Amino acid sequence: MQDEDEKQQNQQNVNALENSAVAQEPSLKQSHKDRIQDSWYRCEKFGLDHGSRPDFATLPKGTLSDLVDQHRSLLETTENEVLPYYENILSNSACMIVLADRQGHVLNTWGQPRFGSAAEHGLVGGNQWSEMGAGTNAIGTALITGEAIQVGRDEHFLRANRFMVGSASPIYNTKNDLVGVLDISSDAYLPQDHTFGMVKLMSLSVENRLIFSAFQQEHFILSFNTNVVSLDSHWSGILVLDENGTIVSANRRAEVVLARDLALLNINQIFDIEMREIKHHPFSLPMKLIAMGRYQFYVKVIPPVQQIMRVPDFRQRADYVSPAELNAHVADDQIKNDQIENTQTVEKMTEVDNQIPSNIPDNVIPLAELQHGDENVERLVNQANKIMEKDIPILIHGETGAGKEIFVRSLHYHSSRSKEMLVAVNCAAIPSDLVESELFGYEKGAFTGAQNKGSIGLIRRGSSRHIIS
């Protein structure tokens, strides 16, 4: 019963993640076509027409140098801590990665394009890619909307820019202010959905690294995800805690997944844990916690680099009672303590009596106990039990929280494949733009940034069965 409850909590958590994807995906609020039409309408208001030449309002070298110095942290974070994880984009395709400031000025570019000289494509330092000067384009439109967008060839307002496809995602700092935009531009005719997903991941990576740079020295950084192996991924939620457990900062993913304002809340208002427990827990060991009393997450805590030594003053605690007050209530407190001890003793004795030794793992329910008296479930268990050794794929479907994964784990444990690994793939933790290529793989050169040897995908890579949830 406990495992089924945990499963239901996990399914609710998956729903929360799916809802967060809805909240983050602008196309579900406003269609992509409408966003492009709105941009074209703005361009007409700016006095542009399709035959206009882009006006990049190129900055003088001195002004550009000053601008680069102002954004030194953003540039170094992007180049040194984020781009190395995506170097296959530059090595396997003719595209450009562009970093621009919040006004659309290009700060730096990486990669060698195949679409002409710098003077022709305009993706050079100091050029401004605003809608007012360059029409509808990925950088300028992302800055106006504050959301990620991909602008295809013919979706550019100016014909002069219709030689390329741009995918851009805004970057927000630790104060949730828009500080820049990251763009991948290419003239390739290959599918661009994967590129769009990559640029959104890259912008999340930059934001996360900015949080680490700002707070890692003196604060605890807590990352959480639904899968323990994804705790270090770019789509994990991140919370920054002071020594008292107060949340002083968080990334966008955390706010969307938890669906509430996190500013200055205490960690015990989010997860079922106190700050003192976090401090005493081995930092290299992930924890399984319940958030908001409903959702199950895996959590990892990184301690501050500089341990700040402070003498504790317990009188500052809200539950501090002075000696005079303590003496006045000592009799009542003693009675209450006796009652609590008696209750705890009874509970411990009950727990000992109820413990039944078993070699079955904690996350597996015996097949005979799955039906819980339900005739329909009992019939399904019997049917699955008859064919699970016949090398026939079994598809189990049902509503969220019905216990599908519990059913599968029980079948797997009682089958001859129990010694093999059961691989569970949480699709909600994979960005929607990357799901197809992650699950089913791709061939060499299938899209911009594809790996040299392609990928066989998670479905074929697993050594046993997969659960797609």
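Nothing here was measured: the structure is a model prediction, and the numbers come from that model. Values reported hereafter were calculated over all heavy atoms of this structure, with side chains retained and with hydrogens, waters and symmetry mates removed.
- From Arg35, atom CZ reaches atom CD of Gln150 across 11.0 Å, with rounding to the nearest 0.5 Å.
- A 4.5 Å side-chain heavy-atom check between Phe220 and Phe215 finds every atom pair outside the cut-off.
- For the side chain to side chain contact (heavy atoms under 4.5 Å, CB included) criterion with Val301, the lone passing option out of Leu239, Ile278, Leu241, Ile273 is Ile278.
- Here the closest non-hydrogen pair linking Asn161 and Pro54 is OD1-CG, 3.8 Å.
- Taking the charged nitrogens against the carboxylate oxygens, Asp69 and Arg72 do have a contact shorter than 4.0 Å, which makes a salt bridge.
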Should Glu131 and Ile144 be marked as a side-chain contact (heavy atoms from CB on, under 4.5 Å) after you check the CA-CA gap, both sets of side-chain angles, and the distance that decides it? CA-CA 8 Å; Glu131 282 191 347; Ile144 286 184; 3.0 Å; yes

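- Between the side chain of Ser203 and the main chain of Val181, no donor-acceptor pair closer than 3.5 Å is present.
- Between Ile97 and Met202 the shortest heavy-atom distance is CD1-CE, 3.8 Å.
- Looking at Glu255, its side chain never comes within 3.5 Å of a backbone N or O of Arg252 through a donor-acceptor pair.
- Atom CG of Leu210 and atom CD1 of Ile171 lie 7.5 Å apart (nearest 0.5 Å).
- Formation of a donor-acceptor pair under 3.5 Å by the Gln128 side chain with backbone atoms of Gly104 is not found in this model.
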Test side-chain contact (heavy atoms from CB on, under 4.5 Å) applied to Leu265 and Ile270, step by step: CA-CA 8 Å; Leu265 293 179; Ile270 303 297; 3.8 Å; yes

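- Closest approach of Thr136 to Glu155, counting heavy atoms only: CG2-O, 3.6 Å.
- With a 6.0 Å cutoff to the six-membered ring centre and a 45° limit on the axis angle, Lys200 counts as a cation-pi contact of Phe196.
- Between the side chain of His121 and the backbone N or O of Leu123 there is at least one donor-acceptor pair closer than 3.5 Å.
- In this structure, Met132 places its CE atom where only 12 or fewer heavy-atom neighbours from other residues, nucleotides or ligands lie under 6.0 Å away.
- Between Lys300 and Asp232, at least one side-chain nitrogen of the basic residue sits less than 4.0 Å from a carboxylate oxygen of the acidic one, meeting the salt-bridge criterion.
- A distance-only check finds a donor-acceptor pair linking the side chain of Asn251 to the backbone of Ser236 [under 3.5 Å].
- His50 and Phe157 have tilted rings, their planes meeting at an angle from 30° to 60° on a 0 to 90° scale.
- By the 4.5 Å heavy-atom criterion applied to side chains, Ser233 and Asn225 are counted as neighbours.
- With contacts defined as side-chain heavy-atom distances shorter than 4.5 Å, the pair Asp101/Leu67 qualifies.
- No donor-acceptor contact under 3.5 angstrom links the side chains of Gln103 and Ser130, judged on distance only.
- Using a distance-only test at 3.5 Å, with no hydrogens or angles considered, a donor-acceptor pair links the side chain of Ser52 to the main chain of Asp49.
- Note: Thr195 OG1 to Met198 CE = 8.0 Å, rounded to the nearest 0.5 Å.
- Of the possible polar contacts, none joining the His105 side chain to the Gly125 backbone as a donor-acceptor pair under 3.5 Å is found.
- Rounded to the nearest 0.5 Å, atoms CD1 (Ile247) and CG (Leu264) are 9.0 Å apart.
- A 4.5 Å side-chain heavy-atom check between Ser169 and Leu182 finds every atom pair outside the cut-off.
- Residues Arg153 and Met164 have side chains not in contact (no heavy-atom distance under 4.5 Å, counting atoms from C-beta outward).
- Across all non-hydrogen atoms, the minimal contact from Ile139 to Asn137 is N-OD1, 3.1 Å.
- Residues Thr226 and Phe297 meet the side-chain proximity criterion, which asks for heavy atoms closer than 4.5 Å.
- Within the 4.5 Å cutoff, the side chain of Val248 has heavy atoms near those of the His219 side chain.
- Looking only at side-chain heavy atoms (C-beta outward), Ser249 and Thr174 come within less than 4.5 Å of each other.
- Between Trp40 and His156, the shortest heavy-atom contact is CZ2-O, 3.6 Å.
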Start with the C-alpha gap between Leu99 and Val106, add the side-chain angles, then the distance that decides, and say whether side-chain contact (heavy atoms from CB on, under 4.5 Å) holds. CA-CA 6 Å; Leu99 179 65; Val106 176; over 6 Å; no

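- Atom CH2 of Trp235 sits about 13.0 Å away from atom OG of Ser223, to the nearest 0.5 Å.
- Contact detail for Val299 and Phe224: the closest heavy-atom pair is CG2-CB, 3.9 Å.
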Run Val124 and Thr109 through side-chain contact (heavy atoms from CB on, under 4.5 Å) and show every step you take. CA-CA 7 Å; Val124 293; Thr109 62; over 6 Å; no

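- No donor-acceptor pair closer than 3.5 Å links the side chain of Thr246 to the backbone N or O of Asp242.
- Residues Thr63 and Asp66 have side chains that never bring a donor and an acceptor to within less than 3.5 angstrom of each other.
- Residue Ile238 holds its CD1 atom at 5.5 Å from CD1 of Ile211, rounded to the nearest 0.5 Å.
- Remark: side-chain polar atoms of Thr77 are paired, donor with acceptor, to backbone N or O of Ser73 under 3.5 angstrom.
- Within a 6.0 Å radius of OH in Tyr41, no more than 12 heavy atoms belonging to other residues, nucleotides or ligands are found.
- The backbone N or O of Leu74 lies less than 3.5 Å from a partner atom in the side chain of Thr78, making a donor-acceptor pair.
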